[in-house]
2 protein chains.
Amino acid sequence: MPNRNISKSVIKRLPIYLRILDQLIRRDVEMISSKELSNESGFTAEQIRKDLAYFGAFGTRGAGYNTLFLREKIIKIIGLDSITDTIVIGAGNLGTALTRYNLTKNPYVNVIAAFDKNPDLIGKQIDNLEVLPIEKAPEVIKEYGIKVCLITVPANAAQEVADLVVKHGVKAILNFAPAKLSVPEGVHVHNADLTIELQSLIYYSSAEEERLTRVAREAKDKKPKPSKSFTYD
Amino acid sequence: MPNRNISKSVIKRLPIYLRILDQLIRRDVEMISSKELSNESGFTAEQIRKDLAYFGAFGTRGAGYNTLFLREKIIKIIGLDSITDTIVIGAGNLGTALTRYNLTKNPYVNVIAAFDKNPDLIGKQIDNLEVLPIEKAPEVIKEYGIKVCLITVPANAAQEVADLVVKHGVKAILNFAPAKLSVPEGVHVHNADLTIELQSLIYYSSAEEERLTRVAREAKDKKPKPSKSFTYD
DNA sequence: TAGATTGTTAATCGATTAACAATC
DNA sequence: TAGATTGTTAATCGATTAACAATC
């Protein structure tokens with residue numbers, strides 16, 4: 001029985017299952033058990049079975065999952081059964097790389113346009129796309145029914161760009177800018193802030209034990225006297 | 001009392017607090033309450049207080065947190081108090097963009113070298129860095145004591161690259177390749193798989209309700225007969 | 001002292017894991 | 001029928017939220 005309100009964690013794992021199924025199918029594997037999917041993905045077999053069961057009974061007891069069938073189902077669950085057109089806003093280094101990257105690597109998604117407000121970048125060629133002025137974005141969003149947008153502008157421009165695209169119908173934003181975006185109910189934002197990924201990784205790259213002990217010890221001694229001047233308003 | 005084994009979710013939030021503190025300090029704000037930090041970050045005030053309390057008592061009751069003091073603490077907790085040198089392996093579009101991006105945007109991290117095995121890319125100039133052959137990586141890792149590495153090679157080369165860098169002392173990998181990496185105990189991998197981010201976002205970009213109902217209905221009718229031929233070995 | 005806000009303990013919620021009956 | 005593996009329910013675990021005493 002399909003359950004509404006499926007958690008984000010479950011949804012994040014679906015594309016990983018999809019990728020593995022793609023690989024298996026390329027190798028002509030027809031059936032796969034949750035146990036074997038576990039080996040490939042690193043998630044537990046129980047979790048995989050539970051994830052899939054949210055959407056239906058796709059397997060065969062005693063036999064496992066038919067790879068082609070399961071892939072088909074996951075594609076439809078995610079909504080990848082027709083190619084998703086998307087746009088990139090911000091044609092700097094990262095935006096350019098992502099535009100190229102997605103055009104070549106991802107069979108389910110197609111970057112149809114890239115935008116910027118910097119006159120030096122407008123007109124620039126990214127493979128066979130030309131960078132358009134940001135003013136053209138509303139028109140393109142409407143004409144192609146764009147629902148998904150990548151934002152790769154600097155932090156201070158991100159909210160403004162988000163407001164613009166949401167106003168014209170975008171429902172989901174992949175935000176690479178190091179900024180929190182406010183969006184209306186029903187619009188989804190995923191943050192792909194690489195600085196944050198990298199910094200949280202640094203935490204694990206050296207001996208935390210002694211670092212934390214020192215921090216805690218120092219906090220007691222050196223805490224500054226509270227002052228009310230210049231407080232946040 | 002500093003608690004060991006702090007959860008990944010907590011650690012992922014620390015860089016966000018840090019970024020907000022950086023902004024506040026730039027605006028000369030001296031004190032900030034958990035309530036106000038909540039407004040800026042989108043996390044609840046309770047969660048922020050709890051997160052910080054894992055590491056020590058950094059605030060002042062009745063007054064809030066001193067921004068400079070708290071920033072200093074978070075920097076030390078994460079381990080950003082000295083610049084972290086890092087390397088990028090894979091100098092394609094994404095690797096090049098990240099090399100440029102990190103050099104300019106992140107005061108706590110420094111990309112000191114980029115590597116590739118493609119002769120066409122070796123020798124290429126990325127700002128003031130020259131792309132080096134992958135064979136030089138072990139030497140650079142050892143000489144600079146590199147503990148953190150970004151992997152931006154194609155999926156089929158990612159494991160091999162991971163093995164290489166781990167062998168020479170890397171403890172943390174930010175993996176952009178769409179592949180699961182196996183690493184020994186004590187080495188940390190964060191996956192920044194943009195395809196997966198994008199695909200899981202697509203799930204939310206259109207009306208899921210009807211899509212899921214259809215998937216579940218179809219699953220009953222059309223499930224293929226199980227076959228044992230060509231199974232996974 | 002009164003008002004504000006932290007730090008911490010307890011309660012709740014949600015997600016993962018374990019167990020096992022159903023069934024191919 | 002016996003062996004295998006799913007789908008589902010129950011138990012556990014962990015993380016978030018709520019509450020409030022401590023204290024500036």
Side-chain angles (χ1 to χ4, degrees), chain A residues 1-14 16-17 30-39 41-67 69-70 73 215-216 219-220 223-229 231-233, chain B residues 1-14 16-17 30-39 41-67 69-70 73 215-216 219-220 223-229 231-233:
Chain A
M1 213 77 338
N3 196 333
R4 290 310 95 89
N5 256 46
I6 288 144
S7 86
K8 284 194 177 179
S9 336
V10 175
I11 303 302
K12 278 256 173 112
R13 287 190 289 267
L14 294 178
I16 298 175
Y17 303 149
E30 284 191 3
M31 294 295 289
I32 185 93
S33 68
S34 59
K35 184 86 193 306
E36 294 157 340
L37 276 173
S38 169
N39 291 150
S41 65
F43 305 117
T44 66
E46 295 79 6
Q47 185 164 60
I48 293 167
R49 291 204 301 279
K50 198 155 204 299
D51 284 353
L52 298 175
Y54 283 116
F55 304 99
F58 303 141
T60 306
R61 285 163 204 241
Y65 300 89
N66 177 290
T67 52
F69 182 78
L70 184 57
K73 291 302 152 194
V215 169
K220 285 188 185 158
K223 202 187 295 190
K225 292 216 184 67
S227 128
K228 277 292 192 182
S229 55
T231 55
Y232 180 94
D233 58 306
Chain B
M1 212 76 338
N3 195 335
R4 290 307 97 88
N5 255 46
I6 288 146
S7 86
K8 284 193 177 179
S9 336
V10 174
I11 302 303
K12 279 255 172 114
R13 286 190 289 267
L14 294 179
I16 298 176
Y17 302 149
E30 284 192 1
M31 295 296 288
I32 184 95
S33 69
S34 59
K35 184 85 193 307
E36 293 157 340
L37 275 173
S38 170
N39 291 150
S41 66
F43 304 118
T44 66
E46 295 79 6
Q47 185 165 63
I48 293 168
R49 291 204 301 277
K50 198 157 203 301
D51 283 353
L52 297 175
Y54 282 116
F55 304 100
F58 302 141
T60 306
R61 287 164 205 237
Y65 300 91
N66 178 290
T67 53
F69 181 78
L70 184 58
K73 290 302 151 193
V215 168
K220 284 187 181 158
K223 202 187 295 189
K225 293 216 184 67
S227 131
K228 277 294 193 181
S229 57
T231 55
Y232 181 96
D233 58 305

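Convention: sequence-line order gives letters A, B, ...; per-chain numbering from 1.
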**Study point:** Minimum-distance nucleotide (side-chain atoms of A/A57 versus D/dA15, D/dG7, D/dT5)
**Key:** D/dG7

**Study point:** Set of residues satisfying side chain to side chain donor-acceptor pair (under 3.5 Å) with respect to B/S41, sequence neighbours excluded
**Key:** none

Practice item. Under the side chain to side chain donor-acceptor pair (under 3.5 Å) rule, collect the residues that match up with A/K8, sequence neighbours excluded. Key: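 None.
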
Rounded distance in Å - [atom1] ([X]) to [atom2] ([N]):
X     : N      : atom1 : atom2 : result
A/F69 : C/dC24 : CZ    : P     : 14 Å
A/M31 : D/dT5  : CE    : P     : 10 Å
B/Y54 : C/dT6  : OH    : P     : 17 Å
B/K73 : C/dT6  : NZ    : P     : 18 Å
B/L37 : C/dT6  : CG    : C1'   : 12 Å
B/K8  : C/dT16 : NZ    : P     : 13 Å
B/I6  : D/dA15 : CD1   : P     : 11 Å
A/K35 : D/dG3  : NZ    : P     : 18 Å

Review point. Going by atom types alone, do A/T44 and A/Q47 pair a side-chain donor with an acceptor below 3.5 Å?
Key: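 No pair is found: no donor N or O on one side chain lies under 3.5 Å from an acceptor on the other.
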
Any [X] side-chain heavy atom under 4.5 Å of [Y] side chain:
X     : Y     : result
B/M31 : B/T67 : no
B/Y65 : B/R49 : yes
B/I32 : B/Y17 : no
B/F43 : B/R13 : yes

Practice item. Check each residue of residues 44-52 of chain B for a non-hydrogen atom within less than 4.0 Å of any atom in DNA chain C, then write out the ones that pass by number, or none. Key: B/R49, B/K50

Point to revise | Bracket notation of DNA chain C in which parentheses pair within the strand, [ ] cross earlier pairs, and | pairs with another strand (Watson-Crick or G-U, under 3.5 Å) | key: ..||||||||||||||||||||||

Identify all pairs in which a protein N or O lies below 3.5 Å from an N or O of nucleotides 21-23 of chain D, and state each distance.
| unit_1 | atom_1 | unit_2 | atom_2 | d |
| --- | --- | --- | --- | --- |
| D/dA22 | N3 | B/R61 | NH1 | 2.8 |

Practice item. May I ask you to evaluate whether A/Y65 reaches the phosphate of D/dG7, defined as a side-chain N or O under 4.0 Å from OP1 or OP2? Key: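 Indeed, a polar side-chain atom of A/Y65 lies that close.
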
Review point. What is the minimum heavy-atom distance between A/V215 and B/F58, and which atoms define it?
Key: CG1-CZ, 3.8 Å

**Study point:** From OG (A/S34) to CD (A/E46), nearest 0.5 Å
**Key:** 7.5 Å

Review point. Roughly how far, to the nearest 0.5 Å, is the CD1 atom of B/I48 from the OG atom of B/S33?
Key: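 Rounded to the nearest 0.5 Å, the OG-CD1 separation comes to 9.0 Å.
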
Exercise for review: List for me each residue that meets side chain to side chain contact (heavy atoms under 4.5 Å, CB included) alongside B/K50, sequence neighbours excluded, and say none if there are none.
Suggested key: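 With sequence neighbours excluded, B/K50 shows a side chain to side chain contact (heavy atoms under 4.5 Å, CB included) to B/Y54, given in chain and number order.
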
